[in-house]
Asker: 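Submitted below is the structure of interest, expressed as structure tokens.
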There are 2 protein chains.
Amino acid sequence: MRSFSNDNGSYCCDMRGMLGFLILFLLSKKPMHGQEIAEEIARRKGERPSPGTIYPALKSLREMGFIASDEREGKTIVYTLTERGKNALRISKRRFIRTFLGVFP
Amino acid sequence: MRSFSNDNGSYCCDMRGMLGFLILFLLSKKPMHGQEIAEEIARRKGERPSPGTIYPALKSLREMGFIASDEREGKTIVYTLTERGKNALRISKRRFIRTFLGVFP
DNA sequence: TTATATATATCGCATACCCAATATATTATA
DNA sequence: TATAATATATTGGGTATGCGATATATATAA
């Protein structure tokens, strides 16, 4: 279990598998482009997902119809939640909240 | 991304990778044995982790010194958080809370 | 224009995660 | 005792996940 591998016993859980959820949640607050998302995740997790992480994830979410990429404006491509994505997020959030009930203060 | 594979667009995120964290959290509330933990996770997630999931996870956590297994009492083996585990959980919780800030109402 | 910086994209890969199947141990019941 | 039920344990394997390296595109600076 890589998630718990630090030797001083102070680190656990890299939250593998939550990236898609996190992206959907972040996009539900405001449309963003890739690097913006990576930055926000870095702020929260303390570790910035690499390009090889963030873009395949975005592609996957787009292919599933959860997010839409607006036309390229300048260097960036802005992603927005679709209705389908909003719905998926709503359901997932419920599950998430029920699963981790009590973890939040 | 298996996590988002349902076709009606209502499902996302199986929270793969959070099992260890969840177990630590549950054990922080009260000592439990394997099946008890599986049951509680089932209640929360709606899906019961199989024996092949829960026991290797427990073993891994024990090997890392995060949990201790009390002597077998009857059929069951009760697991408790160690000091090390409490510490790891505290750190992870902080990270978790900061990462998913705003998801909880 | 050329050079540099930033954003996006893809591909291969190691590995972690979890499950199905199976085995063992203990207890309860007939 | 034999049988069933429950709890624990292990192993092999499928697969998703995320990263490193690399490539491309656009924009800005020199």
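Proteins come first, then strands; the chains are lettered A, B, ... in the order of their sequence lines, and each starts at number 1. Everything numeric in this text was worked out from a predicted model, so none of it was measured.
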Asker: Can you check the Leu58(B) CG to dC18(C) P distance for me, whole Å?
Answerer: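 In whole Å, dC18(C) P lies 12 Å from Leu58(B) CG.
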Asker: For every nucleotide of nucleotides 23-30 of chain C, 5' to 3': is a protein heavy atom under 4.0 Å from its base (B), only from its sugar-phosphate (S), or from neither (-)?
Answerer: ---BS---
Asker: Kindly give the heavy-atom pair with the smallest separation between Arg44(A) and Thr99(B), and that separation in Å.
Answerer: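 Closest approach of Arg44(A) to Thr99(B): NH1-O, 2.7 Å.
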Asker: Of all heavy-atom pairs between Pro51(B) and Pro56(B), which one has the smallest distance, and what is that distance?
Answerer: O-CD, 3.5 Å
Asker: Using whole Å, what does the distance between atom C1' of nucleotide dT17(D) and atom CG of Leu22(A) come to?
Answerer: 15 Å
Asker: Starting at atom CD1 of Ile23(A), determine the distance to atom P of dT17(D), rounded to an integer number of angstrom.
Answerer: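 Distance, rounded to whole Å: 11 Å.
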Asker: Walk me through whether Asn87(B) and Arg90(B) qualify under side chain to side chain donor-acceptor pair (under 3.5 Å).
Answerer: CA-CA 5 Å; Asn87(B) 193 44; Arg90(B) 192 167 48 245; 2.6 Å; yes
Asker: Whole Å only: how far is the CZ atom of Arg62(B) from the C1' atom of dA9(D)?
Answerer: 10 Å
Asker: In residues 29-42 of chain B, which ones come under 4.0 Å of DNA chain D, going by heavy atoms?
Answerer: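 Only His33(B), Gly34(B), Gln35(B) qualify.
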Asker: Gln35(A): what forms a side chain to side chain contact (heavy atoms under 4.5 Å, CB included) with it, not counting sequence neighbours?
Answerer: His33(A), Ala38(A), Arg48(A), Tyr55(A)
Asker: Determine: side-chain N/O of Lys59(A) to OP1/OP2 of dT10(C), distance under 4.0 Å, yes or no.
Answerer: yes
Asker: In whole angstrom, give the distance that lies between atom CD1 of Ile54(B) and atom P of dT10(D).
Answerer: 15 Å
Asker: Answer with yes or no whether Arg16(B) presents, from its side chain, a donor or acceptor under 3.5 Å of a partner atom in the base of dC18(C).
Answerer: no
Asker: Identify which nucleotide among dA9(D), dG18(D), dA9(C) has an atom closest to any side-chain atom of Ile77(B), counting heavy atoms from C-beta outward.
Answerer: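 So the side chain of Ile77(B) is nearest to dA9(D).
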Asker: Quick check against the 3.5 Å criterion: does Arg72(A) have a side-chain atom that pairs as donor or acceptor with the backbone of Ile77(A)?
Answerer: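 Not at all, since once roles are kept as given, no pair shorter than 3.5 Å links the two residues.
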Asker: Taking side-chain hydrogen bond (donor to acceptor under 3.5 Å, both in side chains) as the definition, give me every residue that meets it alongside Glu63(A), ordered by chain and number, with sequence neighbours left out.
Answerer: none
Asker: Given that Ser50(A) and Pro51(B) both sit by DNA chain D, which one's nearest nucleotide is further toward the 5' end?
Answerer: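 Mapping each residue to its closest nucleotide by heavy atoms, the 5'-most match is Pro51(B).
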Asker: Separation of Leu19(B) atom CG from dC17(C) atom C1', in whole Å?
Answerer: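 Between C1' of dC17(C) and CG of Leu19(B): 9 Å.
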Asker: In residues 18-27 of chain B, what donor-acceptor pairs under 3.5 Å come from side-chain atoms, sequence neighbours left out?
Answerer:
none

Asker: Using the side-chain hydrogen bond (donor to acceptor under 3.5 Å, both in side chains) criterion, which residues pair with Ser69(A)? Sequence neighbours excluded.
Answerer: none
Asker: Taking the six-membered ring where the residue is Trp, are the ring centres of Phe100(B) and Phe104(B) under 6.0 Å apart?
Answerer: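 Centroid separation for Phe100(B) and Phe104(B): 6.0 Å or greater.
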Asker: Rounded to the nearest angstrom, tell me the gap between atom OH in Tyr55(B) and atom P in dT6(D).
Answerer: 13 Å
Asker: Can you measure Arg48(A) atom CZ to dT8(C) atom C1' for me and round it to whole angstrom units?
Answerer: 13 Å
